[in-house]
Amino acid sequence: MNKKGKLFIISAPSGAGKTTLCNKLLEKYDDLFYSVSYTTREPRFDEKDGKDYFFISREKFNSMVSNDEFLEWAEVHGNYYGTSKKFINESLESGKNIILDIDPQGARQLRTKLSYGVYIFIIAPSIGDLKKRLIDRRTETMDKIELRIQNAKKEIAYFKEYDYIIINRDIGSSYRELESIYIAEHLRTYDVENIEDIFSMEE
Ligand code: 5GP
């Protein structure tokens with residue numbers, strides 16, 4: 001029988017560098033997959049439907065909520081975002097490890113629903129850094145950047161609800177920290193039911 005996969009729930013205020021860090025980890029580990037969320041947000045110029053998000057209408061989102069198709073969902077920065085229940089359940093059952101990139105409201109919903117999951121919070125060293133990264137990224141208008149900065153200030157207060165925190169001062173060391181968490185989580189004793197499964201008693 002397949003061992004169940006692990007769920008890594010990652011939250012970070014916009015501009016923390018989360019996408020770069022997650023992509024590096026996804027490139028390295030073949031058994032790690034990204035959960036593509038559904039959103040009512042407009043795609044950015046470089047985003048692809050089905051890869052970055054499934055871009056859907058409010059009507060479609062509402063019908064998915066009514067049909068209980070989301071493991072969690074939330075309104076973030078004025079748009080709706082949700083995680084496919086089917087994708088997560090099927091992936092974990094088949095032994096795939098999954099990265100979920102969701103906001104703190106979604107992470108909190110999962111904490112109350114699931115008995116498993118590794119919760120990781122990633123932040124830039126300061127609000128000033130976040131703002132600079134968002135401006136440099138050029139994906140948002142100044143109004144939207146201001147909204148994301150205000151939301152970042154609120155989101156940071158949730159850090160205690162996570163198992164790990166990474167302060168992203170530079171990508172290299174933050175990536176090592178993220179990978180260390182990933183490796184350590186695969187060495188948990190609670191994943192081993194019988195020692196004979198991994199150790200031979202034969203002399
Ligand atoms: P962005 O618009 O910058 O892609 O994402 C905005 C925020 O929505 C980020 O904090 C991201 O983690 C969050 N987000 C993306 N997908 C989901 C989801 O499926 N559920 C929830 N709760 N948040 C999500």
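In listed order, ligands and their atoms are each counted from 1. The chain is numbered in sequence order, starting from 1.
Contact annotation: for Y38 versus ligand 1, there are no heavy atoms closer than 4.0 Å. The residue Q109 has no part lying near ligand 1, judged by heavy-atom distances below 4.0 Å. Residue-level proximity to ligand 1 for R41 is carried by the side chain, the only part with a heavy atom below 4.0 angstrom. Residue contacts with ligand 1, taken as heavy atom pairs separated by less than 4.0 Å, do not involve Q105 at all. Within the 4.0 Å heavy-atom criterion, the part of R44 lying near ligand 1 is the side chain and not the backbone. Residue contacts with ligand 1, taken as heavy atom pairs separated by less than 4.0 Å, involve I102 via backbone and side-chain atoms alike.
Short contacts between ligand 1 and G82, defined as distances under 4.0 Å to a heavy atom of the residue, involve ligand atoms 18 (C), 19 (O). Taking every heavy atom of A74 and a limit of under 4.0 angstrom, the matching atoms of ligand 1 come to 22 (N). Distances below 4.0 Å separate heavy atoms of D101 from the following atoms of ligand 1: 11 (C), 12 (O), 14 (N), 15 (C), 16 (N), 17 (C), 24 (C). Set against the non-hydrogen atoms of D103, the atoms of ligand 1 under 4.0 Å away are 10 (O), 12 (O), 13 (C), 21 (C), 22 (N), 23 (N), 24 (C). Each of the atoms 1 (P), 2 (O), 3 (O) of ligand 1 lies under 4.0 Å from some heavy atom of R148.
For the side-chain hydrogen bond (donor to acceptor under 3.5 Å, both in side chains) test, residues two or more places apart in sequence or in another chain that qualify with D191 are K6. Residues passing the ring pair (Phe, Tyr, Trp, His ring centres under 6.0 Å) test with Y162, sequence neighbours excluded: F121.
A 4.5 Å side-chain heavy-atom check between I88 and S35 finds at least one atom pair inside the cut-off. For the pair R133/L130, no side-chain contact is recorded, criterion being any heavy-atom separation below 4.5 Å from C-beta on. In this structure, the side chains of R44 and E140 come closer than 4.5 Å at one or more pairs of heavy atoms.
Using a 3.5 Å distance cut-off with no hydrogens or angles, the side chains of S126 and D129 do pair a donor with an acceptor.
Nearest protein heavy-atom contact of atom 6 (C) of ligand 1 is Y81 OH, 3.6 Å. Summary of contacts: the protein heavy atom closest to atom 5 (O) of ligand 1 is Y53 OH, 3.3 Å.
For ligand 1, the polar-atom distance check finds no N/O of E155 at less than 3.5 Å from any of the ligand's N/O atoms. Backbone and side-chain nitrogen or oxygen atoms of H77 are examined, and none is located within less than 3.5 angstrom of a nitrogen or oxygen of ligand 1. On a distance-only criterion, K18 and ligand 1 share at least one N/O pair closer than 3.5 Å. Distances between N or O atoms of E72 and those of ligand 1 include at least one value under 3.5 Å. Considering backbone and side-chain atoms alike, W73 places every N or O at 3.5 Å or more from each N or O of ligand 1. Backbone and side-chain nitrogen or oxygen atoms of V76 are examined, and none is located within less than 3.5 angstrom of a nitrogen or oxygen of ligand 1.
A cation-pi arrangement is absent between R41 and Y81 under the rule of less than 6.0 angstrom and at most 45 degrees off the ring axis.
No heavy atom of S11 sits closer than 4.0 Å to any atom of ligand 1. The closest approach between F70 and ligand 1 stays at or above 4.0 Å for every heavy atom of the residue. Taking 4.0 Å as the cut-off, E140 does not count as a neighbour of ligand 1 on heavy-atom distance.
Taking both residues in full, the closest heavy atoms of E75 and Q105 are given as O-NE2, 2.9 Å, listed atom of the first, atom of the second, then distance.
Enclosure of atom CD in E196 by more than 12 non-hydrogen atoms of other residues, nucleotides or ligands within 6.0 angstrom is indicated. Atom NZ of K48 has 12 or fewer neighbouring heavy atoms from other residues, nucleotides or ligands inside a 6.0 Å radius.
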Let me see the working for F8 and Y182 under ring pair (Phe, Tyr, Trp, His ring centres under 6.0 Å), right down to the final yes or no. CA-CA 8 Å; F8 293 85; Y182 186 74; 5.0 Å; yes

Mind running side chain to side chain contact (heavy atoms under 4.5 Å, CB included) on Y38 and W73 for me, showing each step along the way? CA-CA 9 Å; Y38 288 77; W73 65 271; over 6 Å; no

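Salt-bridge annotation for E72 and K113: absent, with no side-chain N of the basic residue lying under 4.0 Å from a carboxylate O of the acidic one.
In this comparison of G106, S37, A152, the heavy atom closest to atom 16 (N) of ligand 1 sits on S37.
Note on V36: it clusters hydrophobically with M64, by side-chain heavy-atom contacts below 4.5 Å among ILVMFWY residues.
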